[in-house]
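Note that the structure is a prediction, hence the values are computed from the model and not measured. Here is the naming used below: chain letters follow the sequence lines, and residue numbers restart at 1 for every chain.
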Amino acid sequence: MTKEVMALHEEKPVFMQIIEMIEDDIISGTYGADELIISTPQISKLLSVNPTTAQRAIGVLTDRGIIYKKRGVGMAVAPAAKEKLLEERRARFFEKTVPGFVEEARKIAITGDELIKIIKESIND
Amino acid sequence: MIEFSNVTKNYGKNTAMDNFSIKIDQPGMYCLLGRNGAGKTTLMKLLAGNVAASEGTITVNGEAAGPLAMPESVHFVETGATQFNMRLADLFKAAAEVNLSFDVPFAMGLARRFQLDASKRYKHLSFGMKAMVNTVIAMASGRDILLLDEPVLGFDPVMRKVFYELLSESCAGSTKTVIVSTHIIDEIEKTAERLIIIDRGKKVLFCDMAEIDEKAYCVTGISESVQAATAGLNIISETKAGGFMTRHIYDQRIEASEKYSVSSLGLTDFFVSLVGREQNSGEAM
């Protein structure tokens, strides 16, 4: 977790933000398969949040099969976690991000051709 | 385990506890919040057996608690409690003589962490330091249930931070139940595991601290949209200005939209909305 992404905001519950931070680290490869992730006390100290909130985030990730308990050492990344998260994030991207983006463009009168041009340009940057 | 069943406590015509019931069956740190006169101290006094309930029963580990049967597992630190005017090292030794389970080395260790000078006499300590000593004695008492009434009153922010760090360190992995009452929410919001809110002698809320993060939020936007979006939810307070409205909610989260924003409340704002509402409406009238 870098300093920048570590700043908490108020739009979402803190436990959801912690979940996203850990997911981002798994997707980016900071935590590889079967590697240990940050512990609950570390999260609570680092972000200065309540330990039960950190625990809640870890609990949700465990229930979803993203992480699992390595007996006696801590929580580790499930082997298929990265693939699973990428799938989820892509689904969200197509179902939510893209329609929202297109809708916003339409609202401010950006044509389809312009939009495609803008996307191409920003990819090349 | 602590259990209050329909406990009422009257002081003359004043009702300090009003048909109050709670069951605390997990160890950990509990944050007890309430306005002045809400009944926080009375709750602690009843639990420690310092005063008798007017009605109802209190049990500690299955045994009835009261002035005739003061629970041995409870250590109560009152606000402004004082100790004998001895050097701290001697004070700890004296505590061990009256309480066989008192842990002198542990107390000395805590005193070092708090930077308390063990060669100083109690009366020569500053106000905050005295409160620290009272708490150190509680933590080293070997009792299962610690009741700390306003332990950080008069502490500077640095001392408060050290205090809560130490409290959570000594709670972690132990089977102690620590109940802390306070008006300073900042640090305890990040430390306590469970939350008890009382108002006018009644229990208003008893939940995990994580639930505040999840369920306490505020919705702000165009009045009609906010009303429609929050219909059926548990609304704890509402403020209107022009065509806009803010509602504080304690319920399942909803997603923000173009017409309204959703943001977390935090314990302080949540607490004020929850127990301050009648005062607010009173002012409006």
Side-chain angles (χ1 to χ4, degrees), chain A residues 6-22 38-64 69 71-75 88-89 91-93 95-109, chain B residues 26-31 157 160-161 164-169 171-173 178 180 185-195 206-221 246 248-258 260-270:
Chain A
M6 263 166 45
L8 295 169
H9 57 80
E10 292 188 335
E11 280 159 39
K12 281 184 189 169
V14 172
F15 85 95
M16 286 176 68
Q17 298 181 51
I18 297 171
I19 290 173
E20 281 174 11
M21 287 175 188
I22 295 171
I38 187 168
S39 73
T40 312
Q42 283 171 332
I43 296 170
S44 110
K45 205 157 199 175
L46 197 66
L47 300 174
S48 138
V49 298
N50 190 291
T52 61
T53 302
Q55 193 57 55
R56 171 112 177 78
I58 296 297
V60 171
L61 285 169
T62 311
D63 291 346
R64 282 172 47 203
K69 190 170 186 172
R71 210 164 281 247
V73 279
M75 306 305 295
E88 281 178 22
R89 292 278 177 104
R92 203 199 310 170
F93 182 75
E95 281 160 27
K96 281 201 163 169
T97 316
V98 174
F101 177 70
V102 173
E103 177 59 34
E104 181 65 21
R106 189 171 294 150
K107 222 190 271 176
I108 54 176
Chain B
Q26 279 177 289
M29 200 199 295
Y30 290 75
C31 166
R160 283 207 300 270
K161 190 161 181 280
Y164 282 115
E165 273 173 15
L166 221 83
L167 203 56
S168 58
E169 265 174 42
C171 277
V178 183
V180 183
I185 293 174
D186 277 13
E187 293 85 6
I188 201 157
E189 179 177 16
K190 292 166 186 165
T191 322
E193 291 152 293
R194 269 166 283 275
L195 172 68
F206 179 34
C207 68
D208 272 10
M209 208 56 113
E211 283 184 47
I212 301 299
D213 167 47
E214 205 175 332
K215 290 161 89 181
Y217 61 95
C218 100
V219 183
T220 304
T246 294
H248 288 185
I249 311 287
Y250 184 69
D251 213 317
Q252 292 293 101
R253 278 263 183 168
I254 58 168
E255 293 227 358
S257 84
E258 285 178 351
Y260 54 84
S261 69
V262 173
S263 62
S264 298
L265 259 184
L267 186 52
T268 306
D269 289 337
F270 172 69

Original post:
What residues, two or more places apart in sequence or in another chain, satisfy salt bridge (Lys or Arg N to Asp or Glu O under 4.0 Å) together with B:E193?
Top reply: none
Subject >> Atom group of B:D208 that falls short of 4.5 Å from chain A, counting heavy atoms >> reply: neither
Original post:
Which heavy-atom pair separates A:N50 from B:I188 by the least distance, and what is that distance?
Top reply: ND2-O, 4.4 Å
Subject >> Region of A:K45 in contact with chain B, defined by heavy-atom distances below 4.5 Å >> reply: neither
Original post:
Taking all atoms of both residues into account, what is the closest heavy-atom pair of B:T191 and A:P51, and its distance?
Top reply: O-CD, 4.2 Å
Original post:
How about A:R89: does its CZ atom have over 12 heavy atoms from other parts shown lying under 6.0 Å from it?
Top reply: yes
Original post:
Roughly how far, to the nearest 0.5 Å, is NZ of B:K190 from OG1 of A:T52?
Top reply: 13.5 Å
Original post:
Residues in salt bridge (Lys or Arg N to Asp or Glu O under 4.0 Å) with B:E258, at least two apart?
Top reply: A:K107
**OP:** For B:E169, enumerate each residue passing the salt bridge (Lys or Arg N to Asp or Glu O under 4.0 Å) test, keeping only those at least two apart in sequence or located in another chain.
**Re:** B:R113
Original post:
Quick one: which residues of residues 248-255 of chain B reach chain A at under 4.5 angstrom, heavy atoms only?
Top reply: B:R253, B:E255
Subject >> Spacing of CD belonging to A:E11 relative to OG belonging to B:S264, to within rounding of 0.5 Å >> reply: 9.0 Å
Original post:
What part of A:V14 gets closer than 4.5 Å to chain B, counting heavy atoms only: side chain, backbone, both or neither?
Top reply: both
Original post:
Is chain A contacted by the side chain of B:A192, its backbone, both, or neither, given a heavy-atom distance below 4.5 Å?
Top reply: backbone
